[in-house]
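Quantities reported herein were computed from a predicted structural model and do not represent experimental measurements. Count residues from 1 along the sequence.
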Amino acid sequence: MQSPIMQSPINAMIQTLTEQVFKALVNQAQFSLEFSGQFKQMKTGLDLAKALLADTENLNRKNETVRAGLTHLKEVIYKADDVLTDCLVRHEYMKDASWAVYLLHDPFFCHRMGKKLRGINRHMKEIEKTLGRFLKAPDSIHADDSYQVRGIMSQDWNPTDTIGLDDDVEKIKGWMFDTTKPLHRIGIVGMGGLGKTTISQKIFHDVKVLAHFDKMIWVCVSQSFSAERIMRSILERLEENVSGFGLTQILSKIQGGLKGKRCLIVMDDVWSHTEVDWWTNLCSVLPKENSCIIITTRNEDAAISMGVESSRIHRPNTLNNDESWSLFSKFAFSSSSGICPDDQFENLGKELLKKCGGLPLAIKTVGSLLASKINSPSQWRDILESFHALTTEGKASPVMASLRLSYDELPPFLKQCMLCFSIYREDAEISADQLIHWWVGEGLVQGKGSKTAVEVGCEYLAELISRCLVEIVKRRGFDGKVYKCKIHDMVREMIIMIAEEEGFCSFNEQSRQKLTANSRWLSFIDEMDEKSLKYSSKLRAMLLMSSRRFEFDRISGFLRSLRMLDLSNCAVDETCVKDLFNWISSLRRLASLNLSGIQALKEVPSSIHKLLNLQLLILNGCNHLEKIHPSITNLKKLIILDLVGCPIQYLPQGLGRLFYLQELSGFRVVSQHRKQCFQLLEIKDLIHLRVLRMHISDVTIITDNELDVLSQLKMLKVLAIDAEDCREKDVFEMLDKLTPPPSLQELYLKNYQRETLPSWVNPQQLSRLKYLCIENSDLVNLSSGHPAWKVEGLCLKYLMKLDIQWKDLEKDMPALRYMDISHCYKLKDFPCSVIEFDSWRKNQD
């Protein structure tokens, strides 16, 4: 296993930049030909830097010279990324003759870029020369095979340290004693410090458990492990001689030692889920009758890969307030048998507990720290006021060390994504879309194969959740798609410490972000001053979290390196909208722009065309936005355009030129007779479209030559049709004649005032459909008269006339495994409420 430092965020930065340079050279882009020598030199330098960073032994020492060299290397990489972005944008638009003339008005571009490239390569060479004195580029990189296994000794277990785990233990014991399964595999999954090992220890020493099993074996598995040594350790627990045996002989010995016995094996702190052959071999020799395996891990995928069913995964909760206080009292007031001396200490202690967020390890650590200060309320108050310093300066090092293991185990690209959480305030509920759009805009996430960057971003977020570093606040029941998430307070303390170490942002003693000249990411809050942004030219991402009026004229011409700007729900009045766009239009490298919920925004002006690198434009909820200037059709790199909730009657003609567009939301279908507007016919040119959300109204006209346009969108996965403004029978008849996209997976019909579904909504034409959502409709029946649906998820809301039996729905949709229902009064014999909002999941009814 590679050392954590080897996989630091700088590796991901180098990897991404190297891939972009290599791609430009291979594709022989015009700019790469113009600067061929400089780009080849850059790639060589990046390869060398990557090789030097593989010298983990010396990197671990990280002396001051190496630290400084790494800081300078990051600076150079950022500068190189700026130059490459400028070249890539120019190259993309030079393909278009109309843009080529405009871009050629800058005859000194090549001179400037050449000068910058030479400077970058010179600095990179100097840095690598410095690093080369301390770091050695290895010929090959071998995984560290170091490994430690230990057994549970009596001193490892202290039953008096446990609080609030009885329900966890009883639940797992119920699974263990279930006689319907031959070999029980149970997973205990959660973040570091949550008490997974403690729960397992309590089970391991339980009287009933001890009486039930003939053999009990505990193995602690480290991050780096050897399958052979794990098996030798198991054999040692069976008091067998292990010397001189090979793997096959060891397995045979384990099988003999456990034959005919009821066995409990605890595999504590499992990390990897990629190498499981050894585990399959081990399980094949274990007794199957009434035996049990318990796996504790921070990574849910590890448990699943080792054969644990999702229904047998236990996720411990954090302690509630009473439990937290009980555990805290045991340690903080140990000299008085856990009894708090007076109200003053109780009030201070409970304030500190809020910082611990119910995490047992944090509560124990802080309680132990305060135990020696039991006679000094002022010292308790000092610790409360400097809690951030307490965690970052090592006084709560067991907590940080435990959580840091989870971070260090992340691959470099996930480390960058994880550190983005650092700029959100404590206890913030974070929009998954906002987060992923940031990752895409800054280039932390890129498309892979047929998957879009947004789809990959969703996978990255799911992976962070699986590793118990991120918590889910709101998700879709059908497939678990995350809408909102958050992080534990202690995880936040850890990542703001690392984010500061890595130079992404800075924080004060209260763990609030402060703006510095070197900040890369910023959450702008009320206490900050717009003027200070003039001195933060390195910013690449900014979220406006201020509730006061922001004066954009004070920063005009600054922050030219921004890649992501989120001003959602910003307090902007009509007088400063012009200043806003004057500033925004100067941000030539901006890739993600979110202006959602800005009520003063009535028009997107022509200056939007200056954002040549713009890839995501989010305008949903701008309730007074009525017009978008036609120049938006020149934003050739745009992949997402979100206009949901905007009263725009029509979009400008020419949107079909946005070749890379993957998501279009808020498109109103109009008549072809309406000139200078985007029509349904143009959609066929958007061949990369994955998501389409459109509105129809009484003025909608779908002509014969438009009926099959959706069928030409071979990659479309999500289609939403809202007929809120439609009452005309003729329009519904036109909609009925559409030919659907062949690969559709999700269909949403809203305000569809008809008694039957469109004729194309049937299992034959929508053979890949997984999710169907129908809201506010006059629908009477769902039966299509066709073969059974393959739909797995169903949402039915406000369908007052829908009259079907549960048994008929089961017959029509045999693959159904999840359903949301609300206000469907005529549904009969359903396994959940059909009046108020309720949900049903297969095998849980």
Side-chain angles (χ1 to χ4, degrees), residues 156-175 186-209 268 294 296-298 313-371 373-374 380 383-384 387 390-391 396 398-400 402-403 406 426-427 468-473 486-494:
D156 291 318
W157 168 240
N158 184 354
T160 63
D161 288 354
T162 64
I163 295 288
L165 302 179
D166 291 342
D167 290 343
D168 302 79
V169 170
E170 290 305 314
K171 176 182 176 181
I172 293 171
K173 281 167 60 181
W175 290 344
I186 295 169
I188 305 177
V189 178
M191 66 187 290
L194 192 57
K196 303 181 296 296
T197 299
T198 305
I199 292 170
S200 301
Q201 288 173 338
K202 194 165 184 177
I203 292 168
F204 202 77
H205 291 82
D206 183 88
V207 174
K208 289 183 180 179
V209 173
D268 186 39
I294 296 177
T296 75
T297 179
R298 306 179 188 205
I313 291 178
H314 176 62
R315 300 172 182 82
N317 294 318
T318 51
L319 301 182
N320 62 33
N321 291 340
D322 290 339
E323 293 166 343
S324 296
W325 178 248
S326 296
L327 183 61
F328 175 80
S329 297
K330 280 179 178 288
F331 289 86
F333 311 123
S334 55
S335 60
S336 55
S337 302
I339 299 172
C340 179
D342 59 45
D343 291 344
Q344 188 175 12
F345 281 104
E346 182 174 346
N347 292 334
L348 289 168
K350 287 185 175 178
E351 283 298 312
L352 272 163
L353 282 180
K354 291 179 182 178
K355 303 285 187 181
C356 297
L359 193 65
L361 180 60
I363 293 168
K364 291 179 185 179
T365 304
V366 173
S368 299
L369 177 68
L370 293 169
K373 311 178 192 308
I374 193 61
W380 279 45
I383 288 175
L384 173 61
F387 188 81
L390 167 71
T391 55
V399 184
M400 288 297 111
S402 174
L403 296 176
S406 292
E426 195 174 21
D427 299 321
C468 301
L469 286 167
V470 178
E471 302 171 20
I472 296 171
V473 174
K486 66 177 183 178
I487 55 173
H488 191 281
D489 290 349
M490 297 303 295
V491 173
R492 181 175 181 269
E493 291 293 336
M494 172 192 68

Checking side chain to side chain contact (heavy atoms under 4.5 Å, CB included) for the pair Leu348/Leu370: CA distance, chi angles, key distance, verdict? CA-CA 11 Å; Leu348 289 168; Leu370 293 169; over 6 Å; no
Is any side-chain heavy atom of [X] less than 4.5 Å from a side-chain heavy atom of [Y]?
X	Y	value
Thr318	His488	yes
Leu359	Met191	yes
Ile186	His314	no
Asn321	Leu353	no
Trp325	Cys340	yes
Ile339	Phe333	no
Pro316	Ile199	yes

Atom NZ of Lys208: over 12 foreign heavy atoms under 6.0 Å: no
Rounded to the nearest 0.5 Å, how far apart are [atom1] of [X] and [atom2] of [Y]?
X	Y	atom1	atom2	result
Ile163	Lys364	CD1	NZ	9.5 Å
Asn317	Asp168	CG	CG	7.0 Å
Leu194	Thr296	CG	OG1	11.5 Å
Ile313	Ile188	CD1	CD1	11.0 Å
Asn347	Glu351	CG	CD	8.0 Å
Glu323	Ile363	CD	CD1	9.0 Å

As a quick check of understanding, evaluate side chain to side chain contact (heavy atoms under 4.5 Å, CB included) for Arg298 and Leu469, giving each step before the final call. CA-CA 9 Å; Arg298 306 179 188 205; Leu469 286 167; over 6 Å; no
Test of understanding: with side-chain hydrogen bond (donor to acceptor under 3.5 Å, both in side chains), list the residues that count as partners of [X], not counting sequence neighbours.
X	answer
Lys173	Glu170, Asp206
Ser200	none
Asp489	none

Quick one: does any side-chain atom of [X] pair with a main-chain N or O of [Y] as donor and acceptor, under 3.5 Å?
X	Y	result
Ser324	Asn320	yes
Asp342	Phe345	yes
Lys196	Arg315	no

